[in-house]
Amino acid sequence: MPLVNIPTFKLNNGKVLPALGYGTWLGISEKALQNADPSEPFSYEFDDIDLPRMVEALSYAIDIGYRHVDTAHFYRVEPEVGEIINKKIQEGVITRGQIFITTKVWQHFHRQADVEVSLRASLKRLNLDYVDMVLMHWPMSINQEGEDDHIDYLDTWRGFESVLNKGLTKSIGVSNFNIEQIKRLLANCKTPPATNQIEVNLNLGQSELIDYCKAHGVQVVAYSPFGTMVPTRASADSPEPKLNNPTMLAIAKKYNKTVSQITLRYLYERGLALIPKTVTKSRVLENASIFDFQLDHDDVETIAKFDIGYRTVRPIFWQPYDNYPFDKVEGFEPIPSSLLKW
């Protein structure tokens with residue numbers, strides 16, 4: 001079986017984070033989206049159709065050398081992720097210390113004491129004694145009825161510092177924090193976040209936020225690194241590049257790589273850790289085969305021109321809430337019912 005050699009980033013607490021991980025988010029069922037009654041709150045359901053394929057792909061990823069797995073309470077897959085990890089430990093493929101597990105605390109658990117409640121529940125589902133990283137999934141606090149709890153993320157962060165001190169996690173971080181929120185958190189914390197997990201891809205470069213995080217020792221982890229390149233994420237108004245973009249195809253041919261590999265390599269060369277998701281074994285290997293070449297300066301400049309600030313992930317149903325981290329756009333959607341009490 002082929003093996004991949006994935007480099008690492010050293011975090012501000014001395015821990016080591018593999019530069020490429022396996023993302024376990026399965027997404028929302030498109031069928032549910034298409035059939036949603038526009039007069040009712042969206043009833044998007046989590047898409048578990050690909051769960052068996054995800055289980056196989058994650059197992060394969062660990063076999064070939066992946067040592068970073070990104071999951072979350074919200075993803076509804078922690079039991080399956082934990083089962084695979086424990087199986088690989090039992091098989092002797094890895095030791096617990098050789099794999100970096102990230103999970104996340106959802107918005108319903110932003111009270112200080114509830115951070116520990118959430119993390120202990122995740123540990124039980126994962127069947128692990130600790131995780132390597134736990135993230136505040138979003139800076140907003142929204143209860144299970146969809147009401148704004150108005151909890152300051154600084155108060156929530158004290159709960160994160162508490163679970164770190166109790167040894168339930170080796171590192172703590174945030175996700176979807178904008179530059180003002182990161183600045184405020186760094187100015188008012190005892191333990192700084194080790195990471196900020198945000199959307200970064202060719203259309204959304206986030207240079208100012210990334211540069212600030214780098215300057216202050218916060219490692220950026222890029223989710224949705226392909227943006228709308230893949231057909232399932234594309235819409236009528238989504239910008240280039242797509243996987244068949246002529247410019248990207250020409251660059252890929254030059255290095256004897258795929259457009260996906262060029263994309264991941266470009267982001268890695270910006271100093272980002274990456275968590276692409278796939279349930280296809282061949283792409284698991286493809287995604288990790290990006291550490292044996294380097295992009296020329298001219299190609300980097302060409303790819304950089306695709307950055308137009310376009311967000312793939314824009315949950316406008318959260319715009320009215322305190323601490324919504326993105327620029328606001330026109331429009332309104334009720335919170336999907338599947339994001340409320342569950």
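When reading the values below, keep in mind they use all heavy atoms of this one structure, side chains included, and skip hydrogens, waters and symmetry mates.
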Nearest heavy-atom neighbours spanning Pro325 and Asn178: O-ND2, 2.9 Å
Set of residues satisfying side-chain contact (heavy atoms from CB on, under 4.5 Å) with respect to Thr312, sequence neighbours excluded: Glu199, Asn201, Thr228, Arg233
Heavy-atom pair of closest approach, residues Gly217 and Asn12: O-ND2, 3.0 Å
Asn5 CG: over 12 foreign heavy atoms closer than 6.0 Å: no
Aromatic ring pairing Phe74/His137, orientation class (parallel under 30°, perpendicular over 60°, tilted between): perpendicular
Pair Asp296 + Lys254, salt bridge at N-O below 4.0 Å: yes
Asp132/Lys15 ion pair, N-O < 4.0 Å: no
Sidechain N-carboxylate O distance under 4.0 Å for Asp70, Lys277: no
Minimum heavy-atom distance Pro276-Gly21, with the two atoms named: CD-O, 3.7 Å
Sub-6.0 Å ring centroid separation between Tyr324 and Trp318: no
Phe226-Leu249 co-clustered via ILVMFWY side chain contacts under 4.5 Å: yes
Partners meeting side-chain hydrogen bond (donor to acceptor under 3.5 Å, both in side chains) with Glu240 (sequence neighbours left out): Asn245
Pairwise salt bridge (charged side-chain N to carboxylate O under 4.0 Å, His left out) hits with a residue in residues 258-273, at least two apart: Arg265-Glu269
Exercise: identify the closest heavy-atom pair between Thr258 and Ala252: C-CB, 3.7 Å
No-hydrogen, no-angle side-chain donor-acceptor test under 3.5 Å, Tyr66 and Asn287: no
Heavy-atom side-chain contact between Tyr153 and Phe160 under 4.5 Å: no
Ring centres under 6.0 angstrom apart (Phe109, Trp106): no
Heavy-atom check, side chain of Leu295 versus side chain of Ile303, under 4.5 Å: yes
Nearest heavy-atom neighbours spanning Gly65 and Ile6: O-CD1, 4.2 Å
Shortest non-hydrogen separation from Val4 to Ser289 and the atoms involved: CG1-OG, 4.5 Å
Any side-chain heavy-atom pair of Phe332 and Pro334 under 4.5 Å: yes
